[in-house]
Amino acid sequence: MLSTNSFRTLIIISLILLVPTGRQLLFAQQEPKAIAEKDYVAYLFTYFTGNRMEEEAVRFAVSLDGYHYKALNNDLPILDSKKISSTGGVRDPHILRGEDGKTFYMVLTDMVSAKGWDSNRAMVLLKSTDLINWTSHVVNIQQRYANQDKLLRVWAPQTIYDPQAAKYMVYWSMKYGDEPDKIYYAYANPDFSDLEGEPKQLFFPSNGKSCIDGDIVRKDNTYYLFYKTEGHGNGIKVAKAASLTDGNWEESVDYKQQTTDAVEGSCVFKLIGTDTYVLMYDVYGKGRYQFTKSTDLEHFSVIDNEVSMNFHPRHGTVMPITRTELKRLTNKWGNPGIDLESLRQNPVLEGYYADPEILYAQKTKKYYLYPTSDGFDHWGGYSFKTFSSDNLVDWKDEGVILDLKKNVPWAGRNAWAPAIEEKKIDGKYKYFYYYSGAQKIGVAVASEPTGPFRDIGKPLIASKPKGINRGQEIDPDVFTDPKSGRSYLYWGNGYMAVAELNKDMVSIKENTVKVITPDKTFREGTYVFYRKGLYYFLWSEDDTRSENYRVRYGIAKSPLGPIEIPENNLVLAKDPSQGIYGTGHNSVLQVPGKDEWYMVYHRFSRPDGIKMGEAAGYHREVCIDKMSFDSEGRILPVKPSLHGIEGVK
């Protein structure tokens with residue numbers, strides 16, 4: 001009799017044997033990060049500029065490297081302080097990206113300094129999904145809570161996500177009567193419009209003296225709280241803890257600023273793609289900032305000679321942003337001299353995506369990308385998105401178009417490798433979306449290229465073709481023959497199969513299934529297109545977890561084959577000199593009306609994919625490069641690039 005552990009092992013081995021390519025099916029999947037660090041390309045600096053009322057307002061600046069900053073909107077406010085505050089002025093802006101990657105939180109001191117340093121009782125909570133439009137709410141601590149008669153000031157709020165509470169914590173300093181300033185906290189409500197519960201003490205130094213301007217950063221599962229020692233040294237110290245709220249803070253003895261001048265308003269941020277952190281702070285008596293760097297958040301060195309700004313900030317914070325966010329900011333507030341062209345690059349989509357299918361829709365005159373949602377452990381994604389573009393460079397996330405867990409009960413998991421076809425039926429455009437789900441092939445239909453798509457209620461392909469005893473029923477491709485008008489579905493992993501679709505596009509014509517595997521290099525990812533009398537068949541070789549995953553092609557005179565293999569038929573392969581690996585599973589685009597062609601494919605994410613081992617095969621990114629032919633119609637090798645294409649008009 002088998003023991004329980006032996007029985008479980010047998011089940012796991014059986015599942016693996018059912019998936020000969022090594023794509024194991026897991027029962028639980030880890031969600032990918034909302035924004036991967038690889039997609040950050042710039043920094044947003046939010047700040048105010050001085051103690052005059054017109055200077056007490058939120059301003060933005062941007063940098064491509066974290067060292068050289070240029071003000072947006074000609075260093076004028078991006079928000080009207082009178083509209084968002086109770087005093088008419090705001091100071092000390094802190095900005096945070098939410099856990100979903102697309103919601104932003106900003107908190108401000110609601111204060112006009114001309115009324116006195118003990119004049120304010122409120123903070124401002126702001127929320128945005130685009131960094132341009134913000135909702136705002138004033139939270140007056142003295143009015144919001146009881147027994148606040150002795151409250152003198154509410155200073156420098158900041159926000160951090162507390163994973164233990166699964167809430168956003170707002171923390172700030174307050175002073176009551178003759179007591180020293182202490183740092184308090186409360187959790188924000190789900191709308192980020194108010195605070196929940198009574199404020200509680202977050203931190204107070206053991207020497208019993210004032211602390212303000214708290215700034216918390218998490219590194220290696222440790223929270224580092226940088227704070228200003230108000231009124232006794234006026235410098236920056238740090239305390240460490242494993243939990244935000246248990247009160248077990250380990251205080252440093254030394255000051256962290258690298259100047260003898262008084263400083264305040266510290267901010268720590270990590271340089272993109274490095275292990276280096278920048279600690280910056282306001283040298284308020286001299287009207288300037290100082291920048292320092294560190295890899296351990298304990299020892300800091302001055303880097304002022306490497307930093308430049310065309311403005312004079314006071315107490316601000318820095319946050320990394322994506323290419324899309326930077327362009328959105330410069331479109332709104334003007335380009336202050338940032339080289340946006342240098343940001344034109346592969347990958348074309350931010351995030352982890354793979355198996356891209358591309359479509360030019362006649363109905364909308366736009367381009368659409370339909371990828372696999374990647375970044376899930378062992379290909380465990382369960383929903384599909386689409387992205388639209390006018391130029392093949394700037395892509396808009398159109399959201400989820402099909403969720404297998406919610407809308408496809410026969411599948412529910414392993415949402416892979418979609419294909420799309422636009423058809424005009426009875427004078428109206430319809431869109432047929434073929435996809436892999438639970439190692440079967442389904443089809444969903446919509447009236448718009450962005451959906452919503454409705455599954456037909458059952459798999460279109462659920463079993464292997466006759467004579468095939470290997471591989472999986474995945475990776476569909478749909479092709480309509482421009483000569484006959486007939487549409488064909490291709491699929492297979494370990495084999496290439498084809499069948500003619502009925503005119504309804506959601507059923508297979510009887511007795512048309514045929515296996516046409518081109519040669520031993522075929523693994524998966526069939527793509528078929530037509531050019532100048534020839535039918536081109538492309539496929540991926542090797543395993544998607546391999547750095548040698550690559551694309552080959554064959555040529556036929558019919559969409560049903562036979563497929564002839566040209567000499568030197570390798571179309572796309574890795575380029576170690578550029579750190580490009582795992583290039584495969586492509587689709588092809590012809591620009592309408594032109595003999596202009598592009599290959600769309602995925603590769604390991606750069607720069608860390610090659611270091612991930614097996615996980616590189618499900619942390620992939622989508623790229624586009626130019627594709628060309630010689631005079632005989634042979635496809636010339638496509639050179640994978642870092643800078644992508646210039647786009648089309």
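Values reported hereafter were calculated over all heavy atoms of this structure, with side chains retained and with hydrogens, waters and symmetry mates removed. Positions are given from 1 along the sequence.
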I'd like to know if the side chain of Ser546 pairs up with that of Asp543 as donor and acceptor (distance under 3.5 Å, no hydrogens or angles considered).
no
What's the verdict on salt bridge (Lys or Arg N to Asp or Glu O under 4.0 Å) for Lys270 and Glu37, showing C-alpha distance, side-chain angles and the deciding distance?
CA-CA 11 Å; Lys270 185 173 176 289; Glu37 186 175 8; 2.9 Å; yes
Can we say Glu448 and Lys363 salt-bridge, meaning some charged N sits less than 4.0 Å from an Asp/Glu carboxylate O?
yes
For Ser507 and Asn502, which I'm curious about, is there any donor-acceptor pair between the side chains at under 3.5 Å?
yes
Check ion pair Glu541-Arg523 (N to O, under 4.0 angstrom):
no
Quiz question: by atom type and distance under 3.5 Å, do the side chains of Ser487 and Glu500 form a donor-acceptor pair?
no
Quick check: does any side chain N or O of Tyr488 sit under 3.5 Å from a backbone N or O of Leu501, one acting as donor and the other as acceptor?
no
Under 3.5 Å side-chain donor-acceptor pair for Tyr549 and Arg620
no
Could Lys167 and Glu99 be called an ion pair, given the rule that one side-chain N must be under 4.0 Å from one carboxylate O?
no
Taking the six-membered ring for Trp, are Phe269 and Tyr43 ring centroids under 6.0 Å apart?
yes
With distance as the sole criterion, is a donor-acceptor pair present between the side chains of Gln345 and Arg606 under 3.5 Å?
no
Any chance you could measure Asn586, atom CG, to Ile358, atom CD1, to the nearest 0.5 Å?
11.0 Å
Kindly give the heavy-atom pair with the smallest separation between Gly471 and Lys464, and that separation in Å.
O-NZ, 3.1 Å
Answer yes if the side chains of Thr372 and Trp379 hold a donor-acceptor pair under 3.5 Å, and no otherwise.
no
Residues Lys483 and Asp481 bridged, charged N to O under 4.0 Å:
no
Measure from the ring center of Tyr536 to the ring center of Tyr530 and say whether it is less than 6.0 Å.
no
side-chain hydrogen bond (donor to acceptor under 3.5 Å, both in side chains) between Ser641 and Asp625, intermediate numbers included:
CA-CA 7 Å; Ser641 75; Asp625 278 304; 2.5 Å; yes
Testing Asp475, Asp542, Asp355 one by one against Glu524 for a side-chain contact (heavy atoms from CB on, under 4.5 Å), which residue passes?
Asp475
Pi-cation contact, Tyr581 with Lys574 (under 6.0 Å, within 45°):
no
Separation between CD1 of Ile563 and OH of Tyr535, rounded to the nearest 0.5 Å
13.0 Å
Is any side-chain N of the basic residue among Lys38 and Glu621 closer than 4.0 Å to the acidic one's carboxylate O?
yes
Considering all heavy atoms, the nearest Val498-Pro559 contact
CG2-O, 4.4 Å
Donor + acceptor pair across side chains of Glu473, Tyr495 (<3.5 Å):
yes
Any salt bridge linking Asp575 with Lys639? Criterion: basic side-chain nitrogen under 4.0 Å from a carboxylate oxygen.
yes
Might you point out which heavy atoms bring Lys440 and Trp410 nearest each other, and give the distance in Å?
CB-CZ3, 3.8 Å
CD1/Ile624 to OG/Ser389 distance, rounded to the nearest 0.5 angstrom?
7.5 Å
Which heavy atom of Ile420 sits nearest a heavy atom of Leu359, and at what distance?
CG2-CB, 3.6 Å
Shortest non-hydrogen contact between Asp374 and Ala354, atoms and distance:
OD2-CB, 4.0 Å
May I ask you to decide whether Arg328 forms a salt bridge with Asp130, counting only side-chain N to carboxylate O separations under 4.0 Å?
no
So, do Pro356 and His602 sit near enough that their side-chain heavy atoms are less than 4.5 Å apart?
yes
Heavy-atom side-chain contact between Ile35 and Tyr40 under 4.5 Å:
yes
What do you reckon, are the aromatic ring centroids of Phe60 and Phe45 less than 6.0 Å apart?
no
For Tyr618 and His378, I'd like to know if the aromatic rings sit close, meaning centre-to-centre distance below 6.0 Å.
yes
Just so I know, are the side chains of Met599 and Val638 near enough to count as touching, which here means a heavy-atom distance under 4.5 Å?
yes
For the student: nearest non-hydrogen atoms of Gly98 and Tyr105, plus distance:
CA-CE1, 3.7 Å
Is there a donor in the side chain of Trp597 and an acceptor in the side chain of Asp595, or the other way round, less than 3.5 Å apart?
yes
List the steps, then state whether side-chain hydrogen bond (donor to acceptor under 3.5 Å, both in side chains) holds for Tyr168 with Asn189.
CA-CA 8 Å; Tyr168 291 94; Asn189 66 0; over 6 Å; no
Do Phe387 and Tyr353 make the cut of ring centroids closer than 6.0 angstrom?
yes
Cation over ring face, Arg531 and Phe629, 6.0 Å, 45°:
yes
Audit row: Tyr367, Ser388, side chain to side chain contact (heavy atoms under 4.5 Å, CB included) steps and yes/no
CA-CA 6 Å; Tyr367 301 94; Ser388 65; over 6 Å; no
Determine, step by step, whether Thr324 and Glu350 satisfy the side-chain hydrogen bond (donor to acceptor under 3.5 Å, both in side chains) criterion, reporting the C-alpha distance in whole Å, the side-chain angles of both residues, the deciding distance to 0.1 Å, and the verdict.
CA-CA 8 Å; Thr324 298; Glu350 293 161 0; 3.0 Å; yes
Between Tyr433 and Tyr370, how do the two ring planes meet: parallel, tilted or perpendicular, split at 30° and 60°?
tilted
